[in-house]
Chemist: 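Quick one: the structure is below, and I'll ask about it shortly.
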Amino acid sequence: MIEIREAVESQAAAIASLIMTAMTDECCLYFCGEGRGLDDFRQMMTMLVEHDDSQYSYRNTLVAMDGDRVVGISVSYDGAHLHQLRRAFIQAAKQQLGKDHSGMDDETQAGELYLDSLAVLPDYRRQGIARKLLLATKERANRMGLPCVGLLVDKGNPAGQALYTSVGFRYANDNQWGGHPMKHLIY
């Protein structure tokens with residue numbers, strides 16, 4: 001039986017791997033500096049998940065658990081805190097990957113719980129786990145007093161968009177992030 005819970009720090013490595021799944025290898029490599037690869041990025045992301053002051057912190061993460069195994073994640077945070085939370089990523093990328101991302105576009109804003117990353121392990125897909133994580137993320141927004149959950153979905157990802165709309169997300173506007181045309185959806 002799958003259970004949705006708040007993440008704990010000891011799950012950092014599993015959470016970081018699932019965040020990278022959500023980001024795709026292409027995107028992860030984009031964030032790496034010259035001569036750096038996915039292992040370097042994974043090490044940095046694991047460290048960021050362990051920290052309290054990162055957008056990727058375990059404190060911002062819900063986990064789907066199958067016994068003691070993390071099989072899915074939802075990473076979300078108050079959009080009003082994006083710049084404060086992103087500082088850890090920018091600093092870590094400079095120090096560990098040799099790349100400056102201080103000019104990165106904003107993917108969220110105040111007034112929404114931003115769903116940064118959603119991923120489920122391949123062997124656990126098509127079992128309703130992503131749906132459970134999305135509903136739990138909406139509950140988190142309600143507890144935080146935020147009016148909606150927002151996310152960006154790549155326009156080239158119709159399956160992702162279908163999942164989000166099936167739960168209740170609706171189109172808000174077009175957006176651009178990381179050089180990709182995106183749709184901003186809210187719930």
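Heads up: numbering here begins at 1 and tracks the sequence.
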Chemist: Which residues pass the ring-ring contact (aromatic ring centres under 6.0 Å, His included) test with Y187, sequence neighbours left out?
Modeler: F169
Chemist: With no hydrogens and no angle check, is any side-chain donor or acceptor of D40 less than 3.5 Å from a backbone partner on G37?
Modeler: yes
Chemist: Within this structure, what is the CG-OH distance for the pair L48 and Y56, rounded to the nearest 0.5 Å?
Modeler: 8.0 Å
Chemist: Given side chain to side chain donor-acceptor pair (under 3.5 Å), test T137 with S74 step by step and report yes or no.
Modeler: CA-CA 7 Å; T137 301; S74 170; 2.6 Å; yes
Chemist: My understanding is that only one of I4, I73, L115 makes a side chain to side chain contact (heavy atoms under 4.5 Å, CB included) with L133; could you say which?
Modeler: I4
Chemist: Please name the residue in the list V63, T61, L18, V49 that meets the side chain to side chain contact (heavy atoms under 4.5 Å, CB included) test with Q11.
Modeler: V63
Chemist: Got a salt bridge between R86 and E107, using NZ or NE/NH1/NH2 to carboxylate O under 4.0 Å?
Modeler: yes
Chemist: Are any non-hydrogen side-chain atoms of L134 and L163 less than 4.5 angstrom apart?
Modeler: yes
Chemist: Crowded around Q43 CD? As in, over 12 foreign heavy atoms under 6.0 Å?
Modeler: no
Chemist: Is the shortest side-chain N to carboxylate O distance from R69 to D66 below 4.0 Å?
Modeler: no
Chemist: Applying side chain to side chain contact (heavy atoms under 4.5 Å, CB included), can you list everything that pairs with D78, at least two apart in sequence or on another chain?
Modeler: A80, H81, M144, L146
Chemist: Test salt bridge (charged side-chain N to carboxylate O under 4.0 Å, His left out) on E50 and R59 and set out the steps.
Modeler: CA-CA 9 Å; E50 291 171 341; R59 293 186 180 272; over 6 Å; no
Chemist: Hey, does D174 have a side-chain heavy atom less than 4.5 Å from the side chain of M182?
Modeler: no
Chemist: Are the side chain of S57 and the backbone N or O of H51 linked by a donor-acceptor pair below 3.5 Å?
Modeler: yes
Chemist: Starting from the C-alpha separation in whole Å, work towards a yes-or-no answer on salt bridge (charged side-chain N to carboxylate O under 4.0 Å, His left out) for E3 and K132.
Modeler: CA-CA 9 Å; E3 184 182 347; K132 286 181 182 180; over 6 Å; no
Chemist: Please work out which of the three classes, parallel, tilted or perpendicular, describes the rings of F89 and H101, given edges at 30° and 60°.
Modeler: tilted
Chemist: Looking at OH of Y164 and CG of L152, how far apart are the two atoms once the value is rounded to the nearest 0.5 Å?
Modeler: 10.0 Å
Chemist: Has the side chain of R140 got a donor or acceptor atom that lies under 3.5 Å from a matching backbone atom of N60?
Modeler: yes
Chemist: Tell me, do Y58 and S10 make a side-chain contact under 4.5 Å, heavy atoms counted?
Modeler: no
Chemist: So do the side chains of D116 and Q55 get within less than 4.5 Å of each other, counting heavy atoms only?
Modeler: yes
Chemist: Given side chains that start at C-beta, do those of E6 and L62 come closer than 4.5 Å, heavy atoms only?
Modeler: yes
Chemist: Please walk me through it: do R87 and S54 pass side chain to side chain donor-acceptor pair (under 3.5 Å)?
Modeler: CA-CA 7 Å; R87 275 188 230 134; S54 160; over 6 Å; no
Chemist: Compute both the distance and the angle, then confirm whether K99 meets the cation-pi test with Y30: under 6.0 Å from the six-membered ring centre, within 45 degrees of the axis.
Modeler: yes
Chemist: Could you state the interatomic distance from OG (S76) to CD (E112), rounded to the nearest 0.5 Å?
Modeler: 11.0 Å
Chemist: Quick one, R131 and S166 - any side-chain contact, counting heavy atoms below 4.5 Å?
Modeler: yes
Chemist: Are any non-hydrogen side-chain atoms of F41 and M23 less than 4.5 angstrom apart?
Modeler: yes
Chemist: Please name the residue in the list T108, N173, N175 that meets the side chain to side chain donor-acceptor pair (under 3.5 Å) test with H184.
Modeler: N173
Chemist: Counting only N and O atoms by type, is there a donor-acceptor contact under 3.5 Å from the side chain of T21 to the main-chain atoms of S17?
Modeler: yes
Chemist: Find out whether M45 and F31 are in side-chain contact, i.e. whether some heavy atom of one side chain is under 4.5 Å from a heavy atom of the other.
Modeler: no
